[in-house]
Amino acid sequence: QVQLVESGGGLVQPGGSLRLSCAASGSIFSIYDMGWYRRAPGKQRELVATITSAGSTNYADSVKGRFTISRDNAKNMMSLQMNSLKPEDTAVYYCNALVTSSAILGIYTTWGQGTQVTVSS
């Protein structure tokens, strides 16, 4: 089994920056695509950014030019650098990964518990 834990959320003023981290642990065999999702109150979950194991990235239009996703395969970690934050970015941010486990047969998606990001003056 593979577990994901997010960290780095908090309260920041508009225009400020935060860096989120996602750490994977457990019986990891391989981690394929990873991504960040977010869910704002009263809204459906939306994709923020994704990154492949080779480092290819893509972003939601709403965050292009402001957010940067990265990963460290040796450390089984992923990060989301968020700059020029807006109140509209306020949400719970979730780490997601497509993985195979050394303990469970098959490929599956696993999620972190989420970390709150609040952008407000």
Side-chain angles (χ1 to χ4, degrees):
Q1 297 179 351
V2 179
Q3 297 81 43
L4 303 178
V5 178
E6 303 95 337
S7 62
L11 175 65
V12 65
Q13 295 184 353
S17 298
L18 283 175
R19 186 176 181 87
L20 305 182
S21 295
C22 172
S25 63
S27 301
I28 301 170
F29 186 78
S30 296
I31 303 178
Y32 301 96
D33 292 357
M34 303 185 75
W36 289 96
Y37 292 75
R38 66 186 182 187
R39 184 181 180 90
K43 298 182 179 180
Q44 64 182 13
R45 182 193 67 189
E46 66 173 342
L47 177 65
V48 177
T50 62
I51 185 168
T52 70
S53 59
S56 297
T57 61
N58 62 75
Y59 299 88
D61 289 341
S62 60
V63 306
K64 285 182 179 178
R66 300 188 298 119
F67 290 10
T68 302
I69 188 173
S70 62
R71 64 190 289 171
D72 186 332
N73 293 331
K75 297 181 178 180
N76 292 323
M77 294 186 67
M78 177 179 64
S79 297
L80 183 69
Q81 178 66 45
M82 305 185 294
N83 299 325
S84 301
L85 283 163
K86 305 175 181 179
E88 304 92 277
D89 296 318
T90 296
V92 177
Y93 284 70
Y94 296 92
C95 176
N96 173 263
L98 183 66
V99 304
T100 54
S101 173
S102 59
I104 301 176
L105 181 65
I107 188 167
Y108 63 97
T109 296
T110 189
W111 294 85
Q113 83 289 345
T115 185
Q116 177 70 50
V117 172
T118 302
V119 184
S120 176
S121 59

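The figures that follow rest on heavy atoms only: side chains count, while hydrogens, waters and symmetry mates do not.
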Quick one: salt bridge (Lys or Arg N to Asp or Glu O under 4.0 Å) partners of D72, sequence neighbours excluded?
none

Sequence neighbours left out, what passes salt bridge (Lys or Arg N to Asp or Glu O under 4.0 Å) with K64? Give chain and number order.
D61

What's the verdict on side chain to side chain contact (heavy atoms under 4.5 Å, CB included) for V48 and L80, showing C-alpha distance, side-chain angles and the deciding distance?
CA-CA 10 Å; V48 177; L80 183 69; 4.3 Å; yes

Please find the pair of heavy atoms, one from I69 and one from Y59, that lie closest to each other, and give the distance.
N-OH, 2.9 Å

Testing the basics here: between R66 and D89, what is the closest heavy-atom pair and its distance to 0.1 Å?
NH1-OD2, 2.8 Å

Would you say M78 and S70 make side-chain contact, with heavy atoms under 4.5 Å?
no

Under 3.5 Å, is there a donor-acceptor pair between the side chain of Y94 and the main chain of E6?
no

So, T118 side chain and T90 main chain: donor-acceptor pair closer than 3.5 Å or not?
no

Sequence neighbours excluded and cut-off under 3.5 Å, please list the side-chain donor-acceptor pairs for residues 105-112, or say none.
unit_1: Y108; atom_1: OH; unit_2: V2; atom_2: N; d: 3.2
unit_1: T110; atom_1: OG1; unit_2: V2; atom_2: O; d: 3.2

If Ile, Leu, Val, Met, Phe, Trp and Tyr residues are connected whenever their side-chain heavy atoms lie under 4.5 Å apart, and connections chain through other members, are V92 and L47 in the same group?
yes

side-chain hydrogen bond (donor to acceptor under 3.5 Å, both in side chains): pairs with one or both residues in residues 46-56, sequence neighbours excluded
R38-E46, T50-N58

Applied to residues 64-89, the ring-ring contact (aromatic ring centres under 6.0 Å, His included) test, sequence neighbours excluded, yields none

Identify each donor-acceptor pair in which a side-chain atom of residues 11-37 lies under 3.5 Å from a protein atom, sequence neighbours left out, and give them as a table.
unit_1: S17; atom_1: OG; unit_2: N83; atom_2: OD1; d: 2.9
unit_1: R19; atom_1: NH1; unit_2: Q81; atom_2: OE1; d: 3.2

